[in-house]
Amino acid sequence: MSNKSQVRVRFAPSPTGDLHVGNIRTALFDWAYARHTGGKLIFRIEDTDTERVTDQYIKAAIDTLKWLGLNWDEGPEVGGEYGPYLQSQRLEIYATWAQKFLDQGDAYHCYCSAEELEERRSAQMKSNQAPGYDGKCRDLSAQQVSEYKSLGRKPVVRMRMPDGETAFVDAIRGEVKFEHKYVPDFVLARADGSPLYTLAVAVDDVLMKITHVLRGEDLLSSTPRQIRVYQAMGVAESEYPIFAHLPFVMGQDNAKLSKRNGEVSIAWYREQGFLPEAICNYLALLGWSPGDDKENITMQELVDLFTVERVNSSPARFDMKKLEAINGDKIRALTLDKFLEWSLPFLINAKVITGNEQEIEVVKSALPIIQERIIKLSEIPAMLNFLFVEDFKVADEELGKLQDEASQNVLKVALAKVEPLQSWDHAGIEAVLRSALIDELGLKPRIAFSALRIAVTGSHISPPLFESLQLLGKERSIARIKAVISK
RNA sequence: GGCUCCGUCGUCUAGUGGCCUAGGACUCUGGCUUCUCAAGCCAGCUACGAGGGUUCGAAUCCCUUCGGAGCUACCA
């Protein structure tokens, strides 16, 4: 591996939907490796499957990466000297190479129809043979070719797989070897001339001078095909990129994570109020670890510590609970200003506030008391709503808990003690209420304060009571207590 | 079916022949703290897939076996 001094890693998704957890874990490792080595991250869109990749998904992918803080040095929006970085804009390049392979005899035209291929494949399966292209069109005579043409058949371009085997050293798995009899001649370009993944990926990795290919394990068995294309391109073995196939991220059902088994779209995590740094931190721990017992790490620490050698080869199951735990840690570690910045969109979106300065001030003073009680930002609106609702009413379900005599008594006593208060701060409120309800009435705190909590916040689960009263203000607090005292 | 990869607590992991009566984190259970909910603190549960070797000694090396996953497209 001679000239790998300038590391060039690529993240090359095929956005057939929103980027998901698996994609992002790969992107994160690509990014971390590039940054760790001081190399470049190339972001390339593999949109040769035009049926499934749409502009909308491409935009979403770019947006998601940015949101996560995974920046790239070459690719969409930033350009670079090896562009364009959308494969759909590089079609002539692939066509040129396909023709060259044809001219060299490395590839050939194949006229077999989809039906014929399918038929022969199932026959192979039945007779216990390895399924795959049987080489029927490998050496067609001129006459056979013209016969096919007269039938109106359009050929695909197929790569000739020579006898032998392909072995390469995977940076995560060690030496991997494939015998060519199990790697059938594969299609490089469709009958309409458009390229397939196997062609485009290999050509681009060479042309874009990629030195390290870190990608999902699902592509492991397509590696010999790519190497075959390198050979046809005349690339020396010493110039091949280093491959590292990352283990899968799996869902609860033990299958590779996909849309079918769980919430995998990063957009969903974003809406739920997961912090990018929490997602990255958690994902980094799936298949990799810093080595010591440290788990809560910053993006910078990830960059400093990340090496491919420490990447695991076994698949990891995605665990929402752990993500949530990490998210909670990250939220608690936020400065007040940052926490405010993250919170506001959620509050505005939920229509709890409109976003004016006055409201923001209230939010800012309320955030410290809920910071350690949430695991996702999406919980904030429900927690702070009681501070902003105009026509506050306790829901019937909770109201029922206030009807008994004991509760009514607590409310009346509390009201009497609190009404004359000159200054309205949580310490002072707490002092009078404790002395009246706990010391004098002899109530247990959890009993005594429960009724007040419901009266004032509308729920038996709320931020700390006295701070909540202070934030609400004397006037509204008293009004709410009065409202639930039955005459 | 064939090929390839993978196999340590429920989950993520540490571990590269002796430091392992297997460590950490999340979850779970119990307790402490406590105005609710959290957070915090303490304790507990639970794992080297199985079977054979090699070795004075194996989670670590070898073999077999079982299990899981991926690929097997004119998808990527």
Would you tell me whether Asp204(A) and Tyr94(A) have side-chain atoms, one donor and one acceptor, within less than 3.5 Å of each other? yes
In Watson-Crick or G-U wobble terms, with both distances under 3.5 Å, the base opposite G18(B) is C56(B)
Give one of base, sugar-phosphate or nothing for Thr48(A), where a contact means two heavy atoms less than 4.0 Å apart. sugar-phosphate
Whichever of Ser289(A) and Glu175(A) has its nearest RNA chain B nucleotide further upstream toward 5': Glu175(A)
What contact category does Phe466(A) fall into here, base, sugar-phosphate, or nothing, at under 4.0 angstrom with non-hydrogen atoms? base
Hey, does Arg446(A) reach any base, or is it just sugar-phosphate, or nothing, if we go heavy atoms under 4.0 Å? sugar-phosphate
For Val156(A), which contact category applies under a 4.0 Å heavy-atom criterion: base, sugar-phosphate, or nothing? base
Closest nucleotide of RNA chain B for Lys177(A) versus for Tyr282(A): which of these residues is on the 5' side? Lys177(A)
Name the nucleic acid region contacted by Gly328(A), choosing base, sugar-phosphate or nothing; use a 4.0 angstrom heavy-atom cut-off, strictly under. nothing
Once you apply a heavy-atom cut-off of 4.0 Å, does Ile375(A) come out as touching a base, just sugar-phosphate, or nothing? nothing
Would you measure the distance from the C1' atom in A50(B) across to the matching atom in G68(B) and give it in whole Å? 15 Å
Check whether the side chain of Glu295(A) and the base of G24(B) form a donor-acceptor pair under 3.5 Å. yes
From CD of Gln371(A) over to P of G40(B), roughly how many Å is that when rounded to an integer? 13 Å
Under a 3.5 Å cut-off for both contacts, is U33(B) paired Watson-Crick or G-U wobble with anything, and if yes, with which nucleotide? none
Any-strand Watson-Crick or G-U partner of U46(B), both distances under 3.5 Å: none
Test for a donor-acceptor pair under 3.5 Å between the base of C5(B) and the side chain of Arg173(A), counting only N and O atoms. no
So Arg52(A), base contact, sugar-phosphate only, or nothing? Heavy-atom distance under 4.0 Å. base
Both distances below 3.5 Å, Watson-Crick or wobble geometry, any strand: find the nucleotide opposite C3(B). G70(B)
What do you reckon, are the aromatic ring centroids of Phe243(A) and Phe168(A) less than 6.0 Å apart? yes
Would you indicate what Gly291(A) reaches in the nucleic acid, counting non-hydrogen atoms under 4.0 angstrom: base, sugar-phosphate, or nothing? sugar-phosphate
Mark yes or no for a side-chain to base donor-acceptor pair under 3.5 Å between Arg373(A) and C37(B), with no hydrogen or angle criteria applied. yes
Would you classify Pro464(A) as touching base, sugar-phosphate or nothing, given that sugar-phosphate means primed atoms plus P, OP1 and OP2, and contacts are heavy atoms under 4.0 Å? base
Sub-6.0 Å ring centroid separation between Phe386(A) and Phe392(A): no
Nearest-0.5 Å distance, CZ of residue Arg158(A) to CZ of residue Arg138(A): 10.5 Å
So if I apply the salt bridge (Lys or Arg N to Asp or Glu O under 4.0 Å) rule between Glu116(A) and each of Arg153(A), Arg121(A), Lys136(A), which one comes out positive? Arg153(A)
Arg310(A) near the nucleic acid: base, sugar-phosphate alone, or nothing, with a heavy-atom cut-off under 4.0 Å? sugar-phosphate
